[in-house]
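Have a look at the structure below, then the notes.
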Amino acid sequence: MEGYFLIQVLLLSSFGLLTNCCLLSENGACAMQKTFYGGRLALVGGGDQGSPPPWADQRVFVFQMPTSFFKGGRHPSKFRHRGIGRIWMPEEAPCGGEISQHVCPPETTDEAFCLDSSLPCYQTPPSYDQSEPLECSDVTSTGLTVTWPAWDETVDHGHGPIVEYRIQIKGPGEEKFTEIPKGRQLSHQFTGLRENVNYKFRISVIRDHPFGEGTPSNKQTCMTSGAPLFANPTPLEFEDVTSSGVTVTWSAWDPILDTGTGPVTSYMILYREEGQRQWKRKETDSLYVRLTDLTEDTEYEVAIRLKTNQAEYAEKSTIQIVTTILAEPPSFADPEPLEFRDITSSSVTVSWPDWDPSVDLGTGPVNSYKIYYRQEGERRWKTEETSETSVVLTELTDSTAYEVAISLQDRNGDYTDKNVPQIVTTACEDLVITDLEFTSLSRRPGYASATVMWSVEGVTDSCSVLAQSLSFQLLDVLECDGLPTTEDATPRVVDVEDGVARTKTVRSLKANSQYNLILRLNTQTRTYEKSMSIQTATSSPTGEPTSLMPVTANNGDLVFHWSGPECSQRNGPITSYYYTVTKFRLKKVKNPFPVIAEHVAGNKIRVRKRDERLSPNVQYVFTVRATTGMGSDDLESPPAGHQFIFES
């Protein structure tokens with residue numbers, strides 16, 4: 001039996017395609033009989049009765065059953081053939097692709113037969129090496145995507161090439177998998193699934209072969225997501241809780257932090273009194289809602305539901321409890337809401353703000369107000385009712401303190417208790433400021449003082465002056481183009497410590513400037529004012545002229561030009577300029593005799609070359625100073641000078 005090996009086979013009833021084959025008889029004749037193609041091989045006494053193990057390269061062959069196999073066999077086929085035979089397979093026989101006829105060896109008996117080795121080999125169907133090759137992604141409440149890797153003959157089991165993948169799915173309660181051919185695609189998107197359900201998936205690999213379908217992969221499970229829900233078990237917050245309402249707020253649903261699948265298009269707030277069965281609802285696409293018409297001092301259950309783009313609301317969140325407050329009468333949060341103005345000796349205007357539920361206390365609405373007033377020390381109140389926010393109290397006594405309080409009308413039409421009274425005092429009957437006067441003096445260049453005097457009539461014990469002050473606001477620095485932009489025009493306030501004094505001297509004001517003077521007298525009830533415009537005095541000398549420059553005329557004359565003194569050095573209005581032309585001397589001579597000396601109204605003068613008082617080739621000095629009309633004192637002002645010579 002050299003060159004051959006012996007295997008035993010079990011002929012199963014699942015054989016397929018019929019064909020013809022030649023069986024060699026003892027005399028060498030070939031008899032054509034029905035044969036079987038594609039039977040499964042199983043190792044007798046060795047392995048299971050299914051397909052060969054993945055590593056086996058078994059032959060698919062055609063054979064004819066010997067006559068002796070028809071007698072007394074134990075395994076009938078669907079062709080009524082019975083028996084177990086022995087197959088002699090040439091060890092050197094090619095595996096398909098070639099036609100070769102092998103003659104059975106002489107030892108072959110009637111129970112043996114020979115093979116046509118031109119038939120193909122049995123190769124293992126393809127399957128994945130990975131135990132779980134599937135991956136799930138894009139999971140929503142109604143669908144998901146399953147992907148798988150391309151079958152790789154270098155790492156996976158069986159033999160290719162691959163012509164198709166078939167993904168299989170089975171839902172809860174289903175007995176069989178549903179198979180979906182995908183060709184050579186490596187993914188499939190499942191839709192129309194049920195939310196929050198586990199689905200089982202597996203994949204099968206197909207090649208072009210009679211035994212081309214491989215064993216399906218292991219089952220893998222993926223769960224569809226649920227409806228969108230807040231991951232925070234208490235997502236609601238309550239603000240502005242009153243006796244009849246509450247503002248409910250929440251954060252936007254976030255797919256990164258929360259559960260389920262979005263997007264969320266709107267929200268529904270459910271609320272009810274604790275113990276009630278029926279819910280009230282409010283829908284919104286905002287992140288807050290105001291619940292109104294609630295019962296005071298009552299617990300409410302509140303929950304939220306999320307709406308998806310499928311126009312369905314998810315389950316409500318965990319119920320949270322909020323309690324409305326006990327309704328309190330409305331009152332002003334400001335303990336002193338009243339203001340007093342237009343105070344006279346017999347009347348006062350009382351005003352207050354609108355009651356505001358967002359800043360004040362208690363529960364509204366408030367439609368009316370009641371003002372209480374009485375002289376300080378009395379027991380009986382007078383009242384005034386109004387729906388406005390002000391009232392004028394009249395027929396009051398001058399120089400008298402009054403207690404004034406306010407109460408608010410609540411939603412039941414009742415007036416609340418009045419607030420803590422505030423004090424207002426009526427004005428004095430005939431207090432008048434008279435004879436407001438001033439004098440000004442300038443002893444230092446650039447500075448001046450002002451002495452203010454005034455008189456007051458109508459002062460009594462109940463209407464005395466408690467404090468006095470003077471306010472000086474700089475309006476204009478005269479002869480200097482108005483108030484410089486760098487000058488601080490903030491009023492200077494000087495207090496008069498003695499309430500009886502009626503005169504005050506204020507120093508260090510700007511010289512030659514206009515001020516707005518205001519006298520203020522404070523009494524127990526009000527402030528009295530009187531104002532007037534004043535001008536401070538000036539002093540000498542003033543500053544020197546600036547930018548002195550001679551210009552030569554066509555005939556040789558010199559025209560001297562100059563500008564006025566700087567504003568910071570000017571102490572009064574410039575009435576004229578005094579110029580001199582005198583001979584230049586190295587040594588100073590007291591009161592040198594001027595060749596020319598004269599006042600001019602403008603800011604230029606022509607010195608003529610042909611002036612008989614001027615000699616040619618002699619050095620002269622031209623000087624000019626500003627004068628303010630103060631006589632000989634002006635000539636003490638500093639001059640500006642320039643030397644010149646008229647050549648012959």
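Just so you know, residue 1 is the first one in the sequence shown, and it goes up from there. We use all heavy atoms of the structure for the numbers below, so side chains are in, but hydrogens, waters and symmetry mates are not.
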### Query
Is it true that the side chains of Thr527 and Asn522 contain a donor and an acceptor less than 3.5 Å apart?
yes
### Query
Short question: side chain of Asp495, backbone of Glu497 - any donor-acceptor pair under 3.5 Å?
no
### Query
Do the side chains of Thr323 and Tyr300 get nearer than 4.5 Å, heavy atoms only?
no
### Query
Ser637 and Thr542: side-chain donor and acceptor closer than 3.5 Å?
no
### Query
Just wondering, are more than 12 heavy atoms of other shown residues or ligands nearer than 6.0 Å to CZ in Phe584?
yes
### Message
Atom OH of residue position Tyr447 - does it have more than 12 heavy atoms of other residues, nucleotides or ligands inside 6.0 Å?
### Response
no
#### Entry: Spacing of Glu437 atom CD and Met453 atom CE [to the nearest 0.5 Å]
5.5 Å
### Message
Given 3.5 Å as the limit, does a donor-acceptor pair link the side chain of Thr259 with the main chain of Leu229, or not?
### Response
yes
### Task
Tell me yes or no: between the side chains of Gln619 and Gln643, is some donor less than 3.5 Å from an acceptor?
yes
### Query
For residues Ser351 and Ser390, is any side-chain donor paired with an opposing acceptor at under 3.5 Å?
no
### Summary
For Tyr415, the ring pair (Phe, Tyr, Trp, His ring centres under 6.0 Å) test, sequence neighbours excluded, returns none
### Query
About how many Å separate OH of Tyr372 and CG of Asp417, when rounded to the nearest 0.5 Å?
8.0 Å
### Query
Do Gln468 and Trp454 have a side chain donor and acceptor closer than 3.5 Å?
yes
### Query
Does a donor on one side chain sit under 3.5 Å from an acceptor on the other, for Thr536 and Ser513?
no
### Query
Within a reach of under 6.0 Å around CZ of Arg443, are more than 12 heavy atoms found that belong to other residues, nucleotides or ligands?
no
### Message
Closer than 3.5 angstrom, by distance alone: can the side chain of Tyr515 be matched with the main-chain N or O of Lys510 as a donor-acceptor pair?
### Response
yes
### Message
Any heavy-atom pair between the side chains of Leu287 and Tyr267 that's under 4.5 Å?
### Response
yes
#### Entry: side chain to side chain donor-acceptor pair (under 3.5 Å) between Thr324 and Ser243, intermediate numbers included
CA-CA 5 Å; Thr324 55; Ser243 60; over 6 Å; no
#### Entry: Whether Asp354 side chain and Asp356 backbone form a donor-acceptor pair below 3.5 Å
no
### Query
Is a side-chain donor or acceptor of Arg502 paired with a backbone partner of Val500 at a separation under 3.5 angstrom?
yes
### Query
Between the side chain of Trp355 and the main-chain N/O of Asp360, is any donor-acceptor distance below 3.5 Å?
no
### Task
Evaluate whether atom NZ of Lys382 has more than 12 neighbouring non-hydrogen atoms of other residues, nucleotides or ligands under 6.0 angstrom away.
no
### Query
Short question: side chain of Ser407, backbone of Lys418 - any donor-acceptor pair under 3.5 Å?
no
### Under 3.5 Å side-chain donor-acceptor pair for Thr247 and Arg290
yes
### Lys/Arg-Asp/Glu bridge criterion (N-O < 4.0 Å) met for Asp557, Lys609
no
#### Entry: Centroid-centroid distance, Phe622 to Tyr620, less than 6.0 Å
no
### Task
Look at the side chain of Thr295 and the backbone N and O of Thr298, then say whether any donor-acceptor pair between them is shorter than 3.5 Å.
no
## Note on the structure
Rounding to 0.5 Å, atoms CD (Glu384) and CD1 (Ile371) come to a distance of 9.0 Å
### Exercise: do Asn412 and Asp414 side chains pair donor with acceptor under 3.5 Å
no
### Task
Ignoring hydrogens and angles, state whether a donor on the side chain of Ser368 or Ser387 is under 3.5 Å from an acceptor on the partner side chain.
no
### Task
State whether the side chain of Ser547 and the backbone N or O of Trp562 hold a donor-acceptor pair below 3.5 Å, judged by distance alone.
no
### Query
Any luck finding a side-chain donor-acceptor pair between Thr416 and Asp410 under 3.5 Å?
no
